[in-house]
There are 2 protein chains.
Amino acid sequence: MRRNPERRLALIDAAIEVLAREGARGLTFRAVDAEAAVPPGTASNYFANRDDLFTQVGGRIYERLLPDEATIARSREGVQDQARYAELMHELVDRISAFNSGYLALLELRLESTRRPELRAVLTKRIREDIDANIAYHAASGLPGDSTSVVLLYLTLNWLIVERLTLPDIFTEQEIHELVDAAVRRSLNA
Amino acid sequence: MRRNPERRLALIDAAIEVLAREGARGLTFRAVDAEAAVPPGTASNYFANRDDLFTQVGGRIYERLLPDEATIARSREGVQDQARYAELMHELVDRISAFNSGYLALLELRLESTRRPELRAVLTKRIREDIDANIAYHAASGLPGDSTSVVLLYLTLNWLIVERLTLPDIFTEQEIHELVDAAVRRSLNA
DNA sequence: TTGACACCACTCCATGTGTAGTACTACGTT
DNA sequence: AACGTAGTACTACACATGGAGTGGTGTCAA
């Protein structure tokens, strides 16, 4: 088992691209090697087996989907009212949609997790933490709404992104924009 | 190309199970043959190639996820108020969750459709029709809410089902129940 | 009798895992 | 400066699996 951390990270990030492009079953050591442009056999040296590869990707993918520090800092600025909330949600949807392959890879991982208990455990932990962090962040932010509205928005926006990324002709960009606004507005009405 | 329609349907339904269990890349002629318990080579005779298989499954899957006539008829009974709306949505979520493999197969198809234009066209058409039908049905039903509330509910409940089927430990059954109620209630507030 | 379909067998091909072995590089030691 | 060593990159190979596609034979019903 090799230890070079940069190389390991490069392999995992390559695996994310492979996942998005080829699907879960297409995530093979060979494909990761090719994507990362390293000699064949390298991934074999960094991951004990495919299960291990999936688990490590599951641990990494969420980091890459989360906003960076600067983005978080920026989100705290300005009045924290409903209009600002909607603005933040537009940014969220755009940011995640932009990292296309990351989100698709996460979907593949979710589906794969129905077959891999270890992966499921990793994903469950990460996502549960993220939801809780969102609720806590929201509570401290001064934005309108309660914890239920946070969760409802999480649900709604997730599927909106799925729709946009998998069947882009279902909703126009205009409709997506309006749906985000409506989701924010209505989720706040307790 | 063989024509026996019962056999074709049996193969397609077998393909749905394979999709849910093995993922999109695992959907092979061989696997379908095995699942349908027919001799190897049979699926080759019924589908020109894998692309054709995917497309035909895409045309079928939605039929199986839709409610049957009896269920639709029952949904028209009683007062059409918000409490009834919530009740119907609980039934919807439970019905779709129950046909576990069908919903997972549809997710696999969505992801696969990023790679297969024909499949994407079929799915886009079906889903667009379904959303429009839901909006029309809702408008005629006397249930509260507008077309935006229908779409928002569609989004929210879809991801709720994803969450339940792929990472069942994120939300408890109790929480899911409450989220459905909250989604109905809040989506109605224009 | 004939035609459509079920069934079976076989060829060809592609892909992937896991591992053993070799080459390289950097670093510490004397 | 020369040497040794350890860790890693790289290469090659043995072995196994799985699947597509097709041609041919059997079977049954009209």
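Chain letters run A, B, ... following the sequence lines, proteins first and then strands; every chain starts at 1. What you see below is based on every heavy atom in this structure, not just the backbone, and it leaves out hydrogens, waters and symmetry mates.
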Student: Return the orientation label for the Phe29(B) and Phe47(B) ring planes: parallel under 30°, perpendicular over 60°, tilted otherwise.
Tutor: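 Parallel, since the angle between the ring planes stays under 30°.
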
Student: Once you round it to whole Å, what is the distance between P of dG19(D) and CZ of Arg50(B)?
Tutor: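 It works out to 10 Å between those atoms.
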
Student: Is a side-chain donor or acceptor of Arg84(A) paired with a backbone partner of Glu77(A) at a separation under 3.5 angstrom?
Tutor: yes

Student: Do you see a donor-acceptor pair shorter than 3.5 Å between the side chains of Tyr46(B) and Asp33(B)?
Tutor: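 Not at all, the side chains of Tyr46(B) and Asp33(B) share no donor-acceptor pair under 3.5 Å.
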
Student: For Ser44(A) and dT17(C), is the shortest distance between a side-chain N/O and OP1 or OP2 below 4.0 Å?
Tutor: no

Student: So if I define the base as every atom that isn't primed, P, OP1 or OP2, how would nucleotides 4-14 of chain C read as a B/S/- string at a heavy-atom cutoff under 4.0 Å?
Tutor: -SBBB------

Student: Starting from P on dG19(D), measure out to CZ on Phe47(B) and report it in whole angstrom.
Tutor: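 To the nearest whole Å, that distance equals 16 Å.
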
Student: Just the rounded figure in Å: distance from C1' of dG18(C) to CG of Leu53(A).
Tutor: 15 Å

Student: Rounded to the Å, how far apart are Asp52(A) CG and dT17(C) C1'?
Tutor: 15 Å

Student: Output the rounded distance in Å from CZ (Phe29(A)) to P (dC15(D)).
Tutor: 21 Å

Student: For Asp68(B) and Thr71(B), test the side chains for any donor-to-acceptor distance below 3.5 angstrom and give the result as yes or no.
Tutor: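 Indeed, the side chains of Asp68(B) and Thr71(B) share at least one donor-acceptor pair under 3.5 Å.
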
Student: Using atom CZ of Arg25(A) as one end and atom P of dT17(C) as the other, report the distance to the nearest whole Å.
Tutor: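 Taking CZ of Arg25(A) and P of dT17(C), I get 12 Å after rounding.
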
Student: Side chains of Asn134(A) and Tyr154(A) only: does a donor on one sit below 3.5 Å from an acceptor on the other?
Tutor: no

Student: Please report the C-alpha distance between Glu112(B) and Leu19(B) in whole Å, then the side-chain angles of each, then the deciding distance to 0.1 Å, and finally whether the side-chain contact (heavy atoms from CB on, under 4.5 Å) criterion is met.
Tutor: CA-CA 11 Å; Glu112(B) 190 65 18; Leu19(B) 263 179; over 6 Å; no

